[in-house]
Student: 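Pasting a structure here, questions to come.
First listed ligand is number 1; within each ligand, the first listed atom is number 1.
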Amino acid sequence: MERKNSNVMKEIVSALNGADTVRIITHASMDGDAFGSSAALCHILRGLGKRAEILLEDEIPGNLRFLDRNYCVRESGLPEEPDLCVALDCGALYRFEKRVESYQKGRNTINIDHHEGNPCFGALNWVEPDAPATGLLVFLLIRAAGWEIDAECGEALYAALATDTGNFQYESTNKECLLAAAELCDSGMDRVKVATEIYQNCRPEQIAIEAIAVERMEYLCGGWASLSCVTQEMLRETGALMSETERIVERLRGVRGVELAVLIKEEPDRVKCSLRSKHYVDVAAIAASLGGGGHKRAAGCTMRCGLEEAAARVRAAIEKEFADEGRDR
Ligand code: 5GP
Ligand code: MN
């Protein structure tokens, strides 16, 4: 398929080909798409004989560590001004707050992403809000360049596609994405291993915190919305990590009749919210009204206030959305 962005894709391929040192950056609190697309690109670049690294500012979630083959550093091992810095899956600079300076040190900067409203902060920007995952863009890039997708690259890209599409459930899962996933099966990667590592390998602490969050779930708007929270106290009580609370919001949305689900997470210095919708609510718009952003069916925001105040603001936003939807119907 001819893409509207095929020119920028070619420019990116040529920038990558011409670089010897490449720093890859993805957003903090990495998910499967963020880390999978980064691991895939790093692997490819190293295979081409380049010095490439993924610069991190926080931990790799436990269920994604199998994708790391020594790609990651906390202190850059590259020259201070590498030839190229590539941001993957970052909708805005503040999603990699502590590494913005390191990113901007690149002699050239690339931004590959699929978030609506990405302000195109790189020198070269390839932003496709309709793409189901950044991993799909990296796949298309690699294919366009004619680089070989081996098993390591294949499993990283497959992990990216699978996680950002809710295992190929969400409506963003288009034919191109399914064909890409099918093609990745030819790379020699082990799809069952990827699924087991990501989804069937959690620590008991994770199940324990999921149980408490589900127990505390409340329904709003007569069962149209569901809401729960994760507090620091719950983390202490269960021994779970915040990165192990990822699946909870999917459980909240999974209830019959629920269109909108919100999980409010209390962090030491701020509150983060995860919003999900099932069929029609634009959660990116709700998140934007709370200072965040994201995709139509999966979005988030960060609030600098206490849990109670954050919860009150979120409840008000949900109720407003319900009232507005009611007027439309
Ligand atoms: P999650 O709920 O999994 O943390 O995030 C879902 C999506 O919401 C992410 O892919 C990202 O697009 C968006 N998102 C999450 N947190 C924030 C945030 O603090 N600010 C903005 N602008 N988007 C966010
Ligand atoms: Mn993504």
Student: What protein heavy atom is closest to atom 21 (C) of ligand 1, reported as residue, atom name and distance in Å?
Tutor: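 So the nearest neighbour among protein heavy atoms is Tyr94 OH, 3.0 Å.
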
Student: I'd like to know if Gly91 contacts ligand 1, where contact means a heavy-atom distance under 4.0 Å to any ligand atom.
Tutor: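 Flag not set, Gly91 not near ligand 1.
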
Student: Please work out whether the ring planes of Phe96 and Tyr103 are parallel, tilted or perpendicular, with thresholds of 30° and 60°.
Tutor: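 If you compare the ring of Phe96 with that of Tyr103, the planes turn out perpendicular.
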
Student: Take the Mn ion (ligand 2) and tell me which protein N, O or S atoms are nearer than 2.8 Å.
Tutor: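 Checking every protein N, O and S atom gives Asp33 OD2, Asp89 OD1, His114 NE2, Asp164 OD2.
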
Student: Below a 4.0 angstrom heavy-atom separation, can you tell me which part of Cys301, side chain or backbone, both or neither, approaches ligand 1?
Tutor: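 Contact part for Cys301 vs ligand 1: backbone (N, CA, C, O).
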
Student: Are a donor atom and an acceptor atom from the side chains of Lys50 and Thr21 found within less than 3.5 Å of each other?
Tutor: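 No, no side-chain donor-acceptor pair sits under 3.5 Å.
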
Student: What is the closest protein heavy atom to atom 10 (O) of ligand 1, and at what distance does it sit?
Tutor: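 Scanning the protein heavy atoms, the shortest distance from atom 10 (O) of ligand 1 goes to His115 NE2, 3.4 Å.
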
Student: In the structure I gave you, are the side-chain heavy atoms of Ile264 and Ser228 within less than 4.5 Å of one another anywhere?
Tutor: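 No. Closest side-chain heavy atoms not under 4.5 Å.
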
Student: For the pair Asn111 and Asn118, evaluate side chain to side chain donor-acceptor pair (under 3.5 Å) and give the outcome as yes or no after the intermediate values.
Tutor: CA-CA 9 Å; Asn111 165 21; Asn118 183 308; 2.9 Å; yes

Student: With only distance considered, is Gly300 within less than 3.5 Å of ligand 1 through an N or O on each side?
Tutor: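 Such a contact does occur with ligand 1.
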
Student: In this structure, does ligand 1 have an atom that sits under 4.0 Å from one of the heavy atoms of Ala92?
Tutor: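 No, that is not the case, since the closest heavy atom of the residue is not under 4.0 Å from the ligand.
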
Student: Within a distance under 4.0 Å of any heavy atom of Thr302, pick out the atoms of ligand 1 and give their elements.
Tutor: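 Answer, ordered by atom number: 18 (C), 19 (O).
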
Student: I'd like to know if Arg247 pairs up with Glu250 as an ion pair, taking the criterion as any Lys NZ or Arg NE/NH1/NH2 lying under 4.0 Å from an Asp or Glu carboxylate oxygen.
Tutor: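 Salt bridge flag = no for Glu250 with Arg247.
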
Student: Ignoring hydrogens, just give me the one of His295, Glu116, Glu250, Arg276 whose non-hydrogen atom is nearest atom 5 (O) of ligand 1.
Tutor: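 Looking at heavy atoms only, the winner is Arg276.
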
Student: List every atom of ligand 1 that sits less than 4.0 Å from any heavy atom of Gly292, numbering the atoms from 1 in the order shown and giving each element.
Tutor: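 Numbered from 1, ligand 1 contributes 20 (N), 21 (C), 22 (N).
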
Student: Other than Val255, which residues form its hydrophobic cluster under the rule that side-chain heavy atoms must be closer than 4.5 Å?
Tutor: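 Answer for Val255: Ile209, Ile212, Met217, Tyr219, Val230, Met234, Leu235, Met242, Ile248, Val249, Leu252, Val258, Leu263.
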
Student: In the protein, which heavy atom is nearest to atom 23 (N) of ligand 1, and how far is it?
Tutor: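 Result: Gly293 O, 3.2 Å.
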
Student: Return yes if a side-chain donor-acceptor contact under 3.5 Å exists between Glu53 and Ser76, otherwise no.
Tutor: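 Judged by distance alone, the side chains do pair up.
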
Student: Looking only at protein heavy atoms, which one is nearest to atom 11 (C) of ligand 1, and what is the separation?
Tutor: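 Heavy-atom neighbour on the protein nearest atom 11 (C) of ligand 1: Arg95 NH1, 3.2 Å.
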
Student: Among all protein heavy atoms, pick the one closest to atom 4 (O) of ligand 1 and tell me residue, atom and distance.
Tutor: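 Atom 4 (O) of ligand 1 sits closest to the protein heavy atom Ser274 OG, 3.8 Å.
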
Student: Taking C-beta and beyond as the side chain, do Glu101 and Arg99 meet within less than 4.5 Å on heavy atoms?
Tutor: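 Contact flag for Glu101/Arg99 side chains = no.
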
Student: What pair of heavy atoms forms the shortest contact from Arg23 to Leu78, and how long is it?
Tutor: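 What the structure gives for the nearest pair is N-CD1, 3.9 Å.
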
Student: Going by the atom numbers of ligand 1, which of them fall below 4.0 Å from some non-hydrogen atom of Gly294?
Tutor: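 Every atom of ligand 1 under 4.0 Å from some heavy atom of Gly294: 12 (O), 13 (C).
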
Student: What protein heavy atom sits nearest atom 7 (C) of ligand 1, and how far off is it?
Tutor: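 Of every protein heavy atom, Ala298 O, 3.6 Å lies nearest to atom 7 (C) of ligand 1.
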
Student: Is the shortest side-chain heavy-atom distance between Ile25 and Leu88 below 4.5 Å?
Tutor: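 They are not in contact (no side-chain heavy atoms under 4.5 Å apart), so the answer is no.
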
Student: Mark yes or no for whether Glu259, through its side chain, and Val281, through its backbone, hold a donor-acceptor pair below 3.5 Å.
Tutor: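 Yes; judged by distance alone, with no hydrogens or angles, the pair exists.
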
Student: Do His27 and Glu97 come close enough that some side-chain heavy atom pair is under 4.5 Å?
Tutor: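 No - every pair of side-chain heavy atoms lies 4.5 Å or more apart.
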
Student: In terms of the angle between their ring planes, are His43 and Tyr71 parallel, tilted or perpendicular, with boundaries placed at 30° and 60°?
Tutor: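 Ring orientation of His43 relative to Tyr71: perpendicular.
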
